[in-house]
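Just so you know, these numbers come straight off a predicted model, no measurement behind them. In what follows, chains are A, B, ... by sequence order, proteins preceding strands, each numbered from 1.
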Number of protein chains: 2
Amino acid sequence: MDEKKERIIVAAKELIAQFGFKKTTMDEIATKARMGKSTMYYYFKNKEDIFAEIVRIDSDIFHQKLNEAIQVANSPQDKIMQYVRTRMLHLKELSNYYKTLTHEYLDHYFFIEQVREEFYNFENSILSDLINAGIEQKLFAPCDVDVVVRMITIAIKGLEYSSFTQKEQDLERDSKQMIDIIFKGIEVRA
Amino acid sequence: MDEKKERIIVAAKELIAQFGFKKTTMDEIATKARMGKSTMYYYFKNKEDIFAEIVRIDSDIFHQKLNEAIQVANSPQDKIMQYVRTRMLHLKELSNYYKTLTHEYLDHYFFIEQVREEFYNFENSILSDLINAGIEQKLFAPCDVDVVVRMITIAIKGLEYSSFTQKEQDLERDSKQMIDIIFKGIEVRA
DNA sequence: TTTCGACTATAATACGGAATTAGTCTAAAT
DNA sequence: ATTTAGACTAATTCCGTATTATAGTCGAAA
C-alpha cells in the first residue's frame, strides 16, 4: 500500500520540520500517521530510512525546479543567471524548512553527506554544460571550463553564506550582481 | 611590569592554541607563566580579557601583513590580488592555529564578534580605496564601488569556505583564478 | 605596588536509578 | 500471503544529586 507509506512520510515530515530528527519519536510519527508503530517497520527499515526518503523527495523537487529554471531561460548567460537565482531562493526556503535540523547536521548523518555529494555532481554537470554551450556560441571566451565552474560554485558558496543573515530580496539582487561581474568583469574593455 | 603581562600572554597563548579557551584553566596559565594565579588578576580583569588581548595582538599582526602586501604591489589589480592572496594564506594559518577554538566560537564570545566587525570595516575600506583608485586610473570600468566590494568579499567568503578542505597551494591558485575572473569576466570581448 | 595562598561561590562533571525509545517478535486480523 | 498491533527488550537518554574543579576575591605580607 503506497498510501500508508505516504501517510508516514507526511506525518514524519511535519514532525521533523517542527521538532527535528532526534526529538521526533517513532511513536509520535505512528500516532500522527494513525497506525501502530511496528506497522511503519513494514514500510521502512528504520527511522533514518524515513528521513532519508523525505530528504530524497525534497532533493528531487529541488533538482526539478533547477532544471525547469534553465529550460525557461534562453541564452547560456540567462540560464546560468536563472540557475543561480533559483538555487539560492529554493535553498534558502529549504534551509528555512530544515532549520531545526541545522544543529543535528553536526552529528554525521551519512545520507546528508550523500545528498550533498550527489548535488555537487549535478551542479557541476549543469554548469559545465552551460559554460561549454556559451563558449561554442562564442558568447564566452575560450577558457578552462573546470576552473570557471569551480569559481562559480565558490562564489555561490559565498552567496550562500551571506544568505544566512539576509532577506530573500537582497539575496536575489546579490546573486544577479555576482553573476554579472563574473560575466563582464570589472576592468575597462578595450 | 610589562614583562609579567608578556609572560601571561605567552603562556596563555600556547595553552589556548593547544587545548582551547575552555579547557585551559587559569591555574595552568599561572603555573606555565611561573606566578600565582591571583597575580594575573592584577594584570588582567579576567580570563576573557587575556584571550581578548591575544586575539587583539594577532589581529594587529594580520592587519599589518595585509597593509604590507598592498604596499608592495603596484597596480590596483596587483594590490587587490596580493590582498586576497595574503588574506587567505594568513587566515588559514591563523585558523589552523586556533583550530581548537572552532567549536567554542559557537558560544558567543563577544570580542570575536567585535574583532570580526572591525575586520569587516578594515577590509571594506581597503577594497573600496583600491577599486576607486582603479576607476580613477581608467583601469576599472565606472561602477557601483560598494557593489563590487561586496561581491569581492562574498567571493572571499566562498574561498574561505573551500579553504577548510584545501591545502595552501590550491587555495592560492583558487584566489588568483577568482580575482582574475572578477577582473576580466568570462564573456568574449568586443 | 606587587605577589601570593587561602577562601568562596559557582559551574562543570560524574553517577546511578528511572524513564524513553528504536527496533523486534509473536500472534491475530484481513 | 499480507498487514497490523500490542507487548517486549536492549540500549540510550534523562534527571536529580553529590562531588569536584575552577574563576575570581580578599587580606596579608614582601
Side-chain angles (χ1 to χ4, degrees), chain A residues 1-56 100-112 114, chain B residues 1-56 100-112 114:
Chain A
M1 280 273 219
D2 231 31
E3 181 263 341
K4 286 272 169 61
K5 215 171 172 178
E6 181 72 17
R7 282 218 324 258
I8 296 169
I9 290 290
V10 169
K13 198 175 149 101
E14 276 182 43
L15 288 167
I16 289 174
Q18 184 169 8
F19 303 113
F21 180 72
K22 274 186 185 168
K23 293 279 184 189
T24 299
T25 70
M26 291 297 271
D27 280 312
E28 287 173 314
I29 298 173
T31 303
K32 185 152 196 146
R34 300 190 314 284
M35 63 182 71
K37 184 172 62 161
S38 39
T39 304
M40 298 194 296
Y41 285 92
Y42 181 79
Y43 297 98
F44 293 96
K45 205 170 90 250
N46 53 33
K47 193 182 172 186
E48 276 193 348
D49 230 44
I50 297 177
F51 187 47
E53 178 74 6
I54 292 173
V55 171
R56 203 190 53 71
T100 49
L101 296 175
T102 327
H103 200 63
E104 300 173 14
Y105 274 133
L106 300 174
D107 306 314
H108 43 314
Y109 287 124
F110 67 98
F111 47 84
I112 292 291
Q114 202 176 312
Chain B
M1 280 275 220
D2 231 32
E3 182 261 341
K4 285 272 168 64
K5 216 172 170 178
E6 181 73 17
R7 283 220 320 260
I8 296 169
I9 290 290
V10 170
K13 198 176 151 103
E14 278 182 40
L15 288 167
I16 289 174
Q18 186 170 7
F19 304 113
F21 179 71
K22 273 186 184 166
K23 291 280 185 190
T24 300
T25 71
M26 290 298 269
D27 281 312
E28 287 173 314
I29 298 173
T31 303
K32 184 150 196 149
R34 299 190 315 282
M35 64 182 71
K37 183 173 63 162
S38 34
T39 303
M40 299 193 296
Y41 285 91
Y42 182 76
Y43 297 100
F44 293 95
K45 205 169 91 249
N46 52 34
K47 192 183 173 186
E48 276 193 349
D49 230 44
I50 298 177
F51 186 48
E53 178 74 7
I54 292 174
V55 170
R56 205 190 52 71
T100 49
L101 295 175
T102 327
H103 200 62
E104 300 173 15
Y105 275 131
L106 300 174
D107 306 314
H108 45 314
Y109 287 126
F110 67 98
F111 48 85
I112 293 292
Q114 202 177 312

| query | What's the closest nucleotide to the Tyr43(A) side chain, out of dT3(D), dC4(C), dG23(C)? | reply |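 From the listed options, dT3(D) comes nearest.
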
| Where the side chain of Tyr41(B) is defined as all heavy atoms beyond and including C-beta, which of dT24(C), dT3(D), dA23(D) is the nearest nucleotide? |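 Selected nucleotide: dA23(D).
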
| request: Would you mind reporting whether Glu53(B) and Ile50(B) have side-chain heavy atoms less than 4.5 Å apart? | output: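 A side-chain contact is absent here, since even the closest heavy-atom pair is not under 4.5 Å.
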
| How about Glu14(B) and Gln18(B): do any of their side-chain heavy atoms sit closer than 4.5 Å? |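 Answer no - side chains too far apart.
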
With [X], which residues qualify under side chain to side chain contact (heavy atoms under 4.5 Å, CB included), at least two apart?
X: Ser38(A); answer: none
X: Thr39(A); answer: Met35(A), Tyr43(A)
X: Ala11(B); answer: Ile29(B), Lys32(B), Ala33(B)

Rounded to the nearest Å, what distance is computed from the [atom1] atom of residue [X] to the [atom2] atom of nucleotide [N]?
X: Phe21(A); N: dA22(C); atom1: CZ; atom2: C1'; value: 10 Å
X: Lys45(A); N: dT24(C); atom1: NZ; atom2: P; value: 10 Å
X: Ile8(A); N: dT3(D); atom1: CD1; atom2: C1'; value: 12 Å
X: Asn46(B); N: dT10(C); atom1: CG; atom2: P; value: 17 Å
X: Met40(B); N: dG5(C); atom1: CE; atom2: P; value: 13 Å
X: Phe44(A); N: dT24(C); atom1: CZ; atom2: P; value: 15 Å
X: Met35(A); N: dT2(D); atom1: CE; atom2: P; value: 19 Å
X: Lys5(A); N: dT3(D); atom1: NZ; atom2: C1'; value: 15 Å

Taking side-chain hydrogen bond (donor to acceptor under 3.5 Å, both in side chains) as the test, write out the residues that go with [X], two or more places apart.
X: Lys13(B); answer: Asp58(B)
X: Lys37(B); answer: none
X: Thr25(B); answer: Glu28(B)

| Under 4.0 Å: is that the gap between some side-chain N or O of Thr39(B) and OP1 or OP2 of dC4(C)? |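 Checking dC4(C) against Thr39(B), a side-chain N or O does come within under 4.0 Å of OP1 or OP2.
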
| query | Within the side chain of Lys47(A), is there an N or O that forms a donor-acceptor pair under 3.5 Å with the backbone of Thr24(A)? | reply |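 Flag set: sc Lys47(A) to bb Thr24(A) pair under 3.5 Å.
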
| request: Please name the pair of heavy atoms, one in Gly36(A) and one in Ala30(A), separated by the smallest distance, quoted to 0.1 Å. | output: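 What the structure gives for the nearest pair is C-CB, 4.0 Å.
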
| request: Of all the heavy-atom pairs spanning Asn46(B) and Tyr41(B), show the shortest one and how long it is. | output: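 That would be CA-CE2, 4.0 Å.
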
| query | Ignoring hydrogens and angles, does a donor from either the side chain of Lys37(A) or the base of dA22(C) sit under 3.5 Å from an acceptor on the other? | reply |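 Such a pair exists between side chain and base.
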
| query | In residues 25-33 of chain B, which residues come under 4.0 Å of DNA chain C by heavy atom? | reply |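 Within residues 25-33 of chain B, no residue comes under 4.0 Å of DNA chain C.
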
Output one line per pair: protein atom, nucleotide atom from nucleotides 9-16 of chain D, and distance, for all N/O pairs under 3.5 Å.
none

| message | I need the Phe44(A) CZ to Ile9(A) CD1 distance, nearest 0.5 Å. | response |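 Between atom CZ of Phe44(A) and atom CD1 of Ile9(A) there are 3.5 Å.
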
| said: For nucleotides 25-30 of chain C, give me one character per nucleotide, 5' to 3': B if any protein heavy atom sits under 4.0 Å from the base, S if the only such contacts are to the sugar-phosphate, - if neither. | reply: B-----

